[in-house]
Asks: 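One structure coming up, written as structure tokens, with questions to follow.
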4 protein chains.
Amino acid sequence: MPGVPDPNRRSDATRRAILTAAIDLLGEVGYPKLTIEGIARTAGVGKQTIYRWWASKGSLIFEAFLAFAGDGETAALPDTGDLAADLKLVLRATVDELDDPRYDKAMRAMHVEIVNDHLLAGEYVARLEKPMRELKKERLRAAQRVGQLAEDVELEVAIDMLFGPVLNRWLQRTGPLTHDYVDQVVDTALRGLKPRKP
Amino acid sequence: MPGVPDPNRRSDATRRAILTAAIDLLGEVGYPKLTIEGIARTAGVGKQTIYRWWASKGSLIFEAFLAFAGDGETAALPDTGDLAADLKLVLRATVDELDDPRYDKAMRAMHVEIVNDHLLAGEYVARLEKPMRELKKERLRAAQRVGQLAEDVELEVAIDMLFGPVLNRWLQRTGPLTHDYVDQVVDTALRGLKPRKP
Amino acid sequence: MPGVPDPNRRSDATRRAILTAAIDLLGEVGYPKLTIEGIARTAGVGKQTIYRWWASKGSLIFEAFLAFAGDGETAALPDTGDLAADLKLVLRATVDELDDPRYDKAMRAMHVEIVNDHLLAGEYVARLEKPMRELKKERLRAAQRVGQLAEDVELEVAIDMLFGPVLNRWLQRTGPLTHDYVDQVVDTALRGLKPRKP
Amino acid sequence: MPGVPDPNRRSDATRRAILTAAIDLLGEVGYPKLTIEGIARTAGVGKQTIYRWWASKGSLIFEAFLAFAGDGETAALPDTGDLAADLKLVLRATVDELDDPRYDKAMRAMHVEIVNDHLLAGEYVARLEKPMRELKKERLRAAQRVGQLAEDVELEVAIDMLFGPVLNRWLQRTGPLTHDYVDQVVDTALRGLKPRKP
DNA sequence: CTTTAACCGAGACGGTACGTCCGGTCTTATG
DNA sequence: CATAAGACCGGACGTACCGTCTCGGTTAAAG
């Protein structure tokens, strides 16, 4: 298969230096001023080495984000028996994470790339979003088994309603990302918007 | 006030030509290949004319999107007396709008700019997001008055839960944007995730 | 005529800065290490400005050489009445010129470009070689009129025999370029190789 | 002697493949686009193998030219007793040789390298130019012995006058390289430029 | 008949320069 | 007198080669 470099030959030290440099520069200069040339310079690497292994700036940023955020974060969601409490715990952790400027900038960069790149978006969903969603679904199914979640609720929709608002506020900056806010989201979602008959 | 051009001198024909050219080019070549030079060429305008009136590519795109999407879309949400039906109507319309490639691309471009530009994000919230949110709040308050929405529900949260999921799916491409999906969102949000006691 | 920049718009200060930088760099680093980027840097000029006005490194070097060597060196050859003395004078001057490292390097650079570029070679012949050759021919014709040069000698050949050897020695470094050498060339050429019958 | 490869170990097949590839590529793409990488690829050879045995592109081209032109072309010049005829024969052969595009390109490449590389020029003179010059000198001495060449003519100068013009025309493309031209050069050189007294 | 040192093909690597494109500023000639 | 046209400096793009390096796999002389 000509033109495809042999991954066995790949220098792992160089690969890590590039990913680290990408995250570092994102933190320093921000996404709009992030350049391949700058990453190569910071990593002490030839530009060609970057172009050899990554198809686009997007895929590099994506991989850098994965490496930074911890790729195989496949830890299951907590299950203390109290669904609301567990969801709040997870969402508060997400809020705290987004409070870290480095994490914030890296994730913003990745989202910018995703917005206009179908393929990358697919990869993002497959490698990050889908696995996380599965974990969430698992927790919700457990809640259904113990009668804390209605049997007939569509889990995909439930997840979107619980976890979507945080991401939205963060992306669109429509309001402050606080623990209080996520608590309200969880409570409101569980309870529903309709009045309860007394 | 030196350096601040006199808005009276501004040629409206030229301004509209530039905004139209921006939207057209977005549709043709996509956001990543959208350039000021290209816009100037397409609009039959000198580059300087663009730089004179807009501070950044972002603010140009923002204004172009406003012009394209209809700035003063201040029409109130429908109120047929049936909250669920009205919400579904509005959300289905949003989905349909996002189905138009030109609208899709323009809105994506604007979001990319917002993600990394605090000022622009502020402007977006102030000029688009906030007014729309007020209309939605108004509709929800009406629902509260007629007993279709719980009195103690935080409206901000309710709006995020109802309208956020669509935006999220669209931005992250986590799933297809269908009428069924928004119907489910509305129903689930109104009813809540918890089981109803019999 | 699209794509062809308007020469009227051309900045002459910039043009001269580029040509000067080219000659300077040739003197400093030599032809093999002469780069467009280096010239642009030295001249304080954007690369594009060079690419806008010159089709190749060769044509830039050619023009730089012309500017350096004095384009309109249209002064006639000396005519003191003594052909041999006049030729020696001119050839000695050529030798002295080639002794100047800057002139040497510039002319070598130009010759390297000519060797592999037909078009440039044509331009060189038309703008430098041919005019100089005409002046030489003029002097030789004068010599014919006063009986110092055989009537039936082919002037083109005579010029090649008189002026070629110096250029050859210089290009191929087959021997030292001295005043003695050019004197010998002139004397030998005039007299011929055959023995004189007594 | 560390660092100096053992010439005995050298694969002659590989060496020839490299030299052949160099000449072939010169013919195909021309000197300016001739690259070490291209030669290695064409020869089916690792780049390192080239760098191991040749110090520079110039020395590789030089050796390739030698191999192509026939290194030990130590055959003496013809001596039919008629100096003018013999010289014309040799010069016509040179002209014919330069008419072959492959020979032309190879020799141009070598000359380009020589122009800016003193060491290589020295090697060229020592290995090619000097031996050829000796053969020419030998022929001229023979002519002197039979009274076809003046006793007091400086042979170095005579050779430059006879053989230089052809090389010059070829290098500078100042005129067509024809048999007629070399005939004229020989006749004019032998006879001299001065008028003969009747 | 093994060892072992060098060569060899392949190609990744840190670099430099290429020639192009565009950003943002400044100049000019036209309408 | 504003404005289109576009030259200008700067800098990043993605590509091509440079010359060095490392990697397995021959190959051939030395043990």
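Please read these numbers as outputs of a predicted model, since none were measured by experiment.
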Asks: Side chain of R41(C): nearest nucleotide among dG23(E), dA17(E), dC26(E)?
Replies: dA17(E)
Asks: Looking at the side chain of R9(C), which of dG14(F), dG19(F), dA29(E) is the nearest nucleotide?
Replies: dA29(E)
Asks: Both conditions, 6.0 Å and 45 degrees, for the charged tip of R10(C) above the ring of W54(C): are they met here?
Replies: yes
Asks: Using a cut-off of less than 4.0 Å, is there contact between a side-chain N or O of R10(C) and OP1 or OP2 of dA7(F)?
Replies: no
Asks: Map Q48(B) and K47(A) onto DNA chain F by nearest heavy atom, then report which one ends up closer to the 5' terminus.
Replies: Q48(B)
Asks: Base, sugar-phosphate alone, or nothing: which one does K57(B) contact when heavy atoms must sit under 4.0 Å apart?
Replies: nothing
Asks: Separation of I39(C) atom CD1 from dC18(E) atom C1', in whole Å?
Replies: 13 Å
Asks: Is S11(A) near enough to dC21(F) that one of its side-chain N or O atoms lies under 4.0 angstrom from OP1 or OP2?
Replies: no
Asks: Using atom NZ of K33(A) as one end and atom P of dC22(E) as the other, report the distance to the nearest whole Å.
Replies: 20 Å
Asks: E37(C) side chain: which of dC18(F), dG23(E), dG19(E) is closest?
Replies: dG19(E)
Asks: Heavy atoms from C-beta onward define the side chain here; which of dA4(F), dG9(E), dC17(F) lies closest to that of V45(B)?
Replies: dA4(F)
Asks: May I have the distance from L25(B) (atom CG) to dC22(E) (atom P), rounded to whole angstrom?
Replies: 11 Å
Asks: Has T49(C) got a side-chain N or O lying under 4.0 Å from the OP1 or OP2 atom of dC9(F)?
Replies: yes
Asks: If you find the nucleotide of DNA chain E closest to A43(A) and the one closest to G44(D), which residue's nucleotide is nearer the 5' end?
Replies: G44(D)
Asks: Just how far, in rounded Å, is P of dC7(E) from CG of D12(D)?
Replies: 15 Å
Asks: Would you please confirm or rule out a distance under 4.0 Å between OP1 or OP2 of dC7(E) and any side-chain N or O of W53(D)?
Replies: no
Asks: Taking only side-chain N and O atoms of T14(B), does any of them lie within less than 4.0 angstrom of OP1 or OP2 on dT3(F)?
Replies: no
Asks: Starting at CH2 of W54(D) and ending at P of dC7(E), how long is that distance when rounded to a whole Å?
Replies: 13 Å
Asks: Just how far, in rounded Å, is P of dA7(F) from CD1 of I50(C)?
Replies: 16 Å
Asks: Describe, in one word, how the ring planes of F68(A) and Y103(A) are oriented to each other, choosing from parallel (under 30°), tilted (30 to 60°) and perpendicular (over 60°).
Replies: tilted
Asks: Please report the distance, rounded to the nearest Å, between CD1 in I36(B) and P in dG24(E).
Replies: 7 Å
Asks: For DNA chain F, whose closest nucleotide is more 5', that of T35(D) or that of A40(C)?
Replies: A40(C)
Asks: Touch check for N8(A), heavy atoms < 4.0 angstrom, all strands: base, sugar-phosphate only, or nothing?
Replies: nothing
Asks: Does R52(C) put a side-chain nitrogen or oxygen below 4.0 Å from OP1 or OP2 of dC8(F)?
Replies: yes
Asks: Given 3.5 Å as the limit, does a donor-acceptor pair link the side chain of R102(C) with the main chain of G27(C), or not?
Replies: no
Asks: Show the numbers, then the answer: is there a side-chain hydrogen bond (donor to acceptor under 3.5 Å, both in side chains) between Y124(C) and E113(C)?
Replies: CA-CA 10 Å; Y124(C) 163 72; E113(C) 296 292 348; over 6 Å; no
Asks: Students often get this wrong, so: under 4.0 angstrom with heavy atoms, is G38(D) touching a base, only sugar-phosphate, or nothing?
Replies: nothing
Asks: Nearest 0.5 Å please: distance from the OG1 atom of T35(B) over to the NZ atom of K47(B).
Replies: 9.0 Å
Asks: What integer distance in Å separates I18(C):CD1 from dC9(F):C1'?
Replies: 11 Å
Asks: In this structure, which one of I18(B), D24(B), I23(B) forms a side chain to side chain contact (heavy atoms under 4.5 Å, CB included) with T20(B)?
Replies: D24(B)
